[in-house]
Amino acid sequence: VQLQACGGGMVQAGGSLRLSCAVSGSIFSIASMAWYRQAPGKQRDLVARISSGGGTFYADSVKSRFTISRDNDKSTVYLQMNSLKPEDTAVYYCRMTVGSGYWGQGTQVTVSS
């Protein structure tokens, strides 16, 4: 299983980005997927999670600004990030929660003020 994340970049405060994470293998549709982020010097924190059935969870810091979604036909999970703030600056990682779990490589998101 491999997870390939992309979509990061640099944006001004108030802007938007959409992250994508494509998953190889045939178990995507039964797996919960999540996005985490890690800012310099800080721990890796959960940002959002979506179950195989589509149920979602968001960290309080991103509620109403970020939306997680999935496309089982494309084996891809997305994170739409709106109204970005400088404190959203971090490396974002996708994770597939099945078995011991799998991490994708990170994608850098930088929000300038």
* Asked: Who passes side chain to side chain contact (heavy atoms under 4.5 Å, CB included) against S112, sequence neighbours left out?
  -> Q12
* V109 side chain near V111 side chain, heavy-atom distance below 4.5 Å -> yes
* At what distance, to the nearest 0.5 angstrom, does OG of S52 lie from CE of M33? -> 11.5 Å
* Structure fact -> In short, P86 meets A13 closest at the heavy-atom pair CD-CB, 4.1 Å
* Between CG on residue L84 and CE on residue M10, distance to nearest 0.5 Å -> 13.0 Å
* Asked: Is a side-chain donor or acceptor of T97 paired with a backbone partner of G101 at a separation under 3.5 angstrom?
  -> no
* Flag, side chain of Y58 to backbone of I68, donor-acceptor distance under 3.5 Å -> yes
* Asked: Within 45° of the axis and under 6.0 Å from the centre of the six-membered ring of F28, does NZ or CZ of R70 qualify?
  -> yes
* Do you know the tightest heavy-atom contact between F57 and A59? -> CE2-N, 4.1 Å
* Spell out, as yes or no, whether a donor-acceptor pair under 3.5 Å connects the side chain of R65 to the backbone of S83. => yes
* Asked: With Q108, which residues qualify under side chain to side chain contact (heavy atoms under 4.5 Å, CB included), at least two apart?
  -> T89, V91, T110
* To do: Test the R18-Y78 pair against the cation-pi criterion, namely NZ or CZ under 6.0 angstrom from the six-membered ring centroid and within 45° of the ring axis.
  => yes
* Hey, are the side chains of M96 and L3 touching, using non-hydrogen atoms and a 4.5 Å cut-off? -> yes
* State, with a plain yes or no, whether a side-chain heavy atom of S16 is found less than 4.5 Å away from one of M81. => no
* Ion pair present between K63 and D60, side-chain N to carboxylate O less than 4.0 angstrom? -> yes
* Beyond-backbone contact of V23 with Y102, side-chain heavy atoms, under 4.5 angstrom -> no
* Asked: How about C94 and C21, are their SG atoms within less than 2.5 Å of each other?
  -> yes
* **Joint cluster assignment, V11 & W35, ILVMFWY side-chain distance < 4.5 Å** => yes
* Has Q105 got more than 12 heavy atoms of other residues, nucleotides or ligands less than 6.0 Å from its CD? -> yes
* Asked: Under 30°, 30 to 60°, or over 60°: which ring-plane class applies to Y92 and F66, parallel, tilted or perpendicular?
  -> tilted
* So do the side chains of T67 and L79 get within less than 4.5 Å of each other, counting heavy atoms only? -> no
* Would you give the length of the straight line joining atom OG of S113 to atom CD of E87, rounded to the nearest 0.5 angstrom? => 10.0 Å
* Check the side chains of D71 and T76 for a donor-acceptor pair under 3.5 angstrom, ignoring hydrogens and angles. => no
All N/O donor-acceptor pairs, side-chain side in residues 38-47, below 3.5 Å, sequence neighbours left out:
unit_1: Q38; atom_1: OE1; unit_2: R44; atom_2: NE; d: 3.4
unit_1: Q38; atom_1: OE1; unit_2: R44; atom_2: NH2; d: 3.4
unit_1: Q38; atom_1: NE2; unit_2: K42; atom_2: O; d: 3.1
unit_1: Q43; atom_1: NE2; unit_2: D45; atom_2: OD1; d: 2.9

* **Note, R37 side chain near S61 side chain (heavy atom, < 4.5 Å)** => yes
* For the atom pair CH2 (W103) and OH (Y93), what is the distance rounded to the nearest 0.5 Å? -> 8.5 Å
